[in-house]
A.B. asks: 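The structure is given below, and queries will be raised subsequently.
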Amino acid sequence: MVTAIVHINAEVDRIPEVAETIAEIDGVSEVYSITGEYDLMAMVRVAEYEQIAEVIPGHINKVPGVLNTETHIAFRAYSKHDLDAAFSIGFPDAD
């Protein structure tokens, strides 16, 4: 799995609408409103590196209200807490 962290600047009066639209894009797992230089941060998780081009410049950058993006590719995950929790839902512990 390839994970990209996308920082997004959006038109100020459209931030909630932009965030909701981005959250609906296939490959986007989460969208956060954040403080600092950027308005939003999107987590993109796809199976193959080439899909990053489909999701970010192909969809996120084309959302009305997106002004610019900065993308960071993660090459190693050090915490699997959230993924482990997601896969254990509905399954009894093996203890």
A.B. asks: Answer yes or no: are there more than 12 heavy-atom neighbours, outside E50 itself, under 6.0 Å from its atom CD?
C.D. replies: yes
A.B. asks: Nearest heavy-atom pair of I5 and A74: which atoms, and what distance?
C.D. replies: CD1-CB, 4.2 Å
A.B. asks: Got E30 and R45 here, is their nearest side-chain heavy-atom distance under 4.5 Å?
C.D. replies: yes
A.B. asks: Less than 4.5 Å apart, side chain to side chain, heavy atoms only: is that true for I25 and V63?
C.D. replies: yes
A.B. asks: Using the rule side-chain contact (heavy atoms from CB on, under 4.5 Å), only one of D39, V66, L67, V18 pairs with E11; which is it?
C.D. replies: L67
A.B. asks: Between the side chain of Q51 and the main-chain N/O of E48, is any donor-acceptor distance below 3.5 Å?
C.D. replies: yes
A.B. asks: Would you give the length of the straight line joining atom CE of M43 to atom OG of S29, rounded to the nearest 0.5 angstrom?
C.D. replies: 6.0 Å
A.B. asks: With salt bridge (Lys or Arg N to Asp or Glu O under 4.0 Å) as the rule and sequence neighbours excluded, what pairs involving residues 51-74 come up?
C.D. replies: none
A.B. asks: Are any non-hydrogen side-chain atoms of H7 and I34 less than 4.5 angstrom apart?
C.D. replies: yes
A.B. asks: Within the structure provided, determine whether V44 and I60 are in side-chain contact (heavy-atom separation under 4.5 Å).
C.D. replies: yes
A.B. asks: Do M41 and Y38 belong to the same hydrophobic cluster, where Ile, Leu, Val, Met, Phe, Trp and Tyr are linked whenever their side-chain heavy atoms lie under 4.5 Å apart, directly or via other members?
C.D. replies: yes
A.B. asks: Going from OG1 on T3 to CD1 on I52, what distance comes out if it is rounded to the nearest 0.5 angstrom?
C.D. replies: 8.0 Å
A.B. asks: If I compare all heavy atoms of R14 with all of G65, which pair ends up nearest, and what's the gap?
C.D. replies: NH1-N, 3.7 Å
A.B. asks: Identify whether V2 and I22 are in the same connected component of the hydrophobic contact network (ILVMFWY, side-chain heavy atoms under 4.5 Å).
C.D. replies: yes
A.B. asks: Indicate the atoms forming the closest heavy-atom contact of G27 with V46, along with that distance.
C.D. replies: CA-CG1, 4.2 Å
A.B. asks: Treat each ILVMFWY residue as a node, draw an edge where side-chain heavy atoms are under 4.5 Å apart, and state whether I15 and Y32 are in one component.
C.D. replies: no
A.B. asks: Examine V6 and F75 and state if one hydrophobic cluster contains both, with Ile, Leu, Val, Met, Phe, Trp and Tyr joined whenever side-chain heavy atoms are less than 4.5 Å apart.
C.D. replies: no
A.B. asks: Could you give the distance from CD1 (I56) to OG1 (T71), rounded to the nearest 0.5 Å?
C.D. replies: 4.0 Å
A.B. asks: Decide yes or no for E20 and E17: does some side-chain heavy atom of the first lie under 4.5 Å from some side-chain heavy atom of the second?
C.D. replies: no
A.B. asks: How long is the span from the CD1 atom in I8 to the CG atom in N68, to the nearest 0.5 Å?
C.D. replies: 9.5 Å
